[in-house]
Amino acid sequence: MRVEILGQERRRRWSDEKKLDIVMSIGLDGATVTEVAHRHDVSRQQIYAWRHELKKKDLLPSTADTVFLAVDTSAMHGGPLVREEVARVPAMIELRLNDGRSLRFDSGVDAAVLTRLIRAVEAA
């Protein structure tokens, strides 16, 4: 039996610089991983693998804007979420869920809306 493969070869070589370019374009102008993957004709899994690889090589710069805060679940019931000084500064927050998905939202989002959003994403 003879098999012929027609068309372009799908295996491409990507430099670390190009991988970094692609990974860093996520979030620019609201671009999602899916949109960036489609734009560069790669899979979402490939982008996640590149991100992991670039982190291991210390090529992925840490974001200076990234702030980790303890979350107080009593805030959902009207209690304070963060210290007053931090709450005054508007910022983007990224929340990583147990299933590996991420949510990005403005720090001013209503707690009830955020709770419904998290439940909807986890149920999907």
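Any value given below was found using the heavy atoms of this structure, including those in side chains, with hydrogens, waters and symmetry copies removed.
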Heavy atoms of other groups near Q45 CD, more than 12 under 6.0 Å | yes
Derivation and outcome, side chain to side chain contact (heavy atoms under 4.5 Å, CB included), residues E53 and D16 = CA-CA 9 Å; E53 173 190 332; D16 284 343; 3.5 Å; yes
Looking at [atom1] of [X] and [atom2] of [Y], how far apart are the two atoms once the value is rounded to the nearest 0.5 Å?
{"X": "L54", "Y": "M24", "atom1": "CG", "atom2": "CE", "value": "10.0 Å"}
{"X": "L117", "Y": "D110", "atom1": "CG", "atom2": "CG", "value": "11.5 Å"}
{"X": "H40", "Y": "K18", "atom1": "NE2", "atom2": "NZ", "value": "5.5 Å"}
{"X": "R104", "Y": "T32", "atom1": "CZ", "atom2": "OG1", "value": "9.5 Å"}
{"X": "W50", "Y": "L20", "atom1": "CH2", "atom2": "CG", "value": "11.5 Å"}
{"X": "D21", "Y": "W14", "atom1": "CG", "atom2": "CH2", "value": "10.5 Å"}

Shortest non-hydrogen contact from A31 toward S25 = CB-O, 3.8 Å
On a heavy-atom basis, the closest approach of I47 and V36 is CD1-CG1, 3.9 Å
Show the numbers, then the answer: is there a side chain to side chain contact (heavy atoms under 4.5 Å, CB included) between D106 and I93?
-> CA-CA 6 Å; D106 186 85; I93 298 172; over 6 Å; no
Check whether any side-chain heavy atom of I26 sits under 4.5 Å from a side-chain heavy atom of R51, and report yes or no.
-> yes
Got a salt bridge between R39 and E35, using NZ or NE/NH1/NH2 to carboxylate O under 4.0 Å?
-> no
Indicate if L28 and V23 have the same hydrophobic cluster label, given that clusters are the connected sets of ILVMFWY residues with side-chain heavy-atom separations under 4.5 angstrom.
-> no
Yes or no on side chain to side chain contact (heavy atoms under 4.5 Å, CB included) for R12 and D41, after CA distance, side-chain angles and deciding distance?
-> CA-CA 11 Å; R12 294 173 280 181; D41 195 28; 4.1 Å; yes
